[in-house]
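Just below is one structure, and these are the notes that go with it.
Start at 1 and go down the list; that is how both ligands and their atoms are numbered.
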Amino acid sequence: MKYYIVTYGCQMNVHESEKIAGILERMGYTCGQSREEADIIVFNTCAIREGAEDRVFGNVGALKKQKKNNKNLIIVVAGCMTQKENTAKHLLKTFPFVDIVIGTFNIAKLEEYIRNVKNGRQLELWAEGEIDESLPYSRSSGENAWVNIMQGCNNFCTYCIVPYVRGREKSRKQEAIISEIKEIIAEGKYKKITLLGQNVNSYGKDLVPAVSFANLLKEICKLQGDFTVSFMTSHPKDLTDELIDTIASEAKVDKYIHLPAQSGDNRILKLMNRRYTREHYLSIINKIRAKIPNCRITSDFIVGFPTETEDEFMRTYSLVEEVKFDGIFAFMYSPREGTVASKMEGQVEEKIKHERVNKLLALEKRIQKEEGKA
Ligand code: 5AD
Ligand code: SF4
């Protein structure tokens, strides 16, 4: 019996697919090389932008024939998209051949659902569950081992669907993380450990007693072994001096920070509910560069946020020009159902979003060339 997993979206999802693979392997499935030879196909979906969802609809739809020819094929749709009740219902209606729809909180129940599938379609009820520490991982990212340190997000940036599909911030206990990393090191095949969370800088604030992310990093660096540790994603409003000092002083910590700015304009930042200004963002960059001269810094930007004017976009442009990041991702704003920004007046035309994203990416290309980074 073979499985095949199709993963969309961020590293968190890549890692969650390793968990899904772990569950399936424990049930006796082995990893297949293609959809065609699979007995079970899992789509681990992303909801961050409309384009990601459209791809899922296209790819699930394409399985209709395969399912017709092989009635025993099990099709599962999991991940952020299915955590949205309306989308999940739409999916089930559009694709009667999908067998299991499971949200983000209950992956642990996948085994039970697969066993029950002969009794009819299995549909998760989207309840928030606890993190299951006992689930096995089938790691598949070469020398890099992903380690999840927290789930969820409390920030409610007005454009973002994540808090709705991943729930509130919940940190894993430091001991659980350390023991997982010890096992990873003991396996001997991983050179790099990447800590994952939507907002790693607020790690530990919800633990009793509270601990800081910098403290977690220091504890990890005390472990014996030949490895480096990296992390993502950081939120500028929570990036502390303690963390910058820790990155600077700990030899095992990779000198790299992904620090999404999203916009260079203060009015738009406020509308996005980012809770920092352009000036504050720049002051963090300066601090990082002063204390960690060789630090690589990358960022994310959204263009065409509701009501964004040409001048406001140009302030994003000038921020990118000023900072000269080691890389940026630029996205066209995509309205997500249920978020505050999706209901704002003054949605920007697609054509303008295209123009702005292309302009920003052209600048990025020029900077990479000039700085000899590309
Ligand atoms: N539209 C466009 N881009 C978005 N991002 C998050 N939500 C949206 C949205 N609704 C971008 C942000 C974030 C990255 C992971 O995706 O830039 O940092
Ligand atoms: Fe979304 Fe903002 Fe949370 Fe990042 S910090 S996941 S952009 S709400």
Side-chain angles (χ1 to χ4, degrees), residues 7-16 44-56 79-81 83-84 87 104 150-166 169 194 196-202 231-239 256-265 268-269 271-276 278 281 284 297-308 312-313 316-317 319-320 323 325-344 346-350 352-358 360-361 364:
T7 307
Y8 303 84
C10 66
Q11 282 81 3
M12 194 77 92
N13 253 20
V14 172
H15 185 40
E16 225 141 71
N44 192 11
T45 64
C46 169
I48 200 100
R49 281 170 292 274
E50 198 178 343
E53 295 197 346
D54 290 346
R55 279 198 297 280
V56 172
C80 291
M81 222 174 127
Q83 189 66 31
K84 298 190 297 172
T87 314
T104 54
M150 63 195 300
Q151 65 175 22
C153 183
N154 291 349
N155 290 322
F156 287 93
C157 300
T158 53
Y159 51 79
C160 188
I161 193 75
V162 168
Y164 302 89
V165 293
R166 293 279 177 181
E169 277 172 16
T194 306
L196 295 176
Q198 302 297 345
N199 179 13
V200 293
N201 306 131
S202 61
F231 56 87
M232 61 179 64
T233 291
S234 297
H235 193 303
K237 81 176 167 59
D238 298 317
L239 197 110
Y256 169 58
I257 304 180
H258 181 58
L259 195 64
Q262 311 299 4
S263 168
D265 179 77
I268 295 294
L269 284 169
L271 281 179
M272 287 177 163
N273 191 31
R274 291 293 285 176
R275 286 173 277 177
Y276 54 83
R278 175 194 180 100
Y281 186 86
I284 302 173
I297 306 174
T298 56
S299 196
D300 292 345
F301 290 91
I302 296 176
V303 303
F305 186 84
T307 72
E308 185 188 63
E312 287 163 344
F313 162 69
T316 294
Y317 189 92
L319 181 80
V320 172
V323 175
F325 291 99
D326 294 273
I328 65 158
F329 295 97
F331 305 106
M332 291 186 284
Y333 168 71
S334 168
R336 309 282 63 215
E337 191 189 346
T339 60
V340 173
S342 71
K343 298 182 206 96
M344 287 177 184
Q347 299 284 326
V348 173
E349 265 178 66
E350 288 303 302
I352 294 179
K353 289 186 204 170
H354 274 284
E355 280 169 18
R356 291 182 186 167
V357 85
N358 288 338
L360 200 59
L361 289 172
E364 164 66 5

## Note on the structure
From the list F305, F313, F301, ring-ring contact (aromatic ring centres under 6.0 Å, His included) with Y333 holds only for F305
### Message
Need the ligand 1 atom indices (1-based, order shown) with element for anything under 4.0 Å from a heavy-atom of R336.
### Response
10 (N)
### Query
Counting from 1, what ligand 1 atoms have a heavy atom of M332 closer than 4.0 Å?
1 (N), 2 (C)
### Residue portion contacting ligand 1 (non-hydrogen atoms closer than 4.0 Å) for Y159
both
### Query
Considering only heavy atoms of S334, which atoms of ligand 1 have at least one such atom less than 4.0 Å away?
1 (N), 2 (C), 9 (C), 10 (N)
### Summary
Short version for Q262: what comes under 4.0 Å of ligand 1, heavy atoms counted, is side chain
### Task
Determine the sole option in K237, R274, Q198 for which the side-chain hydrogen bond (donor to acceptor under 3.5 Å, both in side chains) test with N155 is passed.
K237
### Message
Please state which option from V357, D300, I302, V303 has its nearest heavy atom closest to atom 15 (C) of ligand 1.
### Response
D300
### Query
Just by modelled atom types, is the Y8 backbone N or O under 3.5 Å from a matching donor or acceptor in the N13 side chain?
yes
### Message
Can a donor-acceptor pair be found, under 3.5 Å and without considering hydrogens, that links the side chain of Y317 to the backbone of G264?
### Response
no
### Task
Enumerate the atoms of ligand 1 whose separation from the nearest heavy atom of Y333 is less than 4.0 angstrom.
1 (N), 2 (C)
### F156 ring center near Y164 ring center (under 6.0 Å)
yes
### Query
Got a donor-acceptor contact below 3.5 angstrom from the Y281 side chain to the L259 backbone?
yes
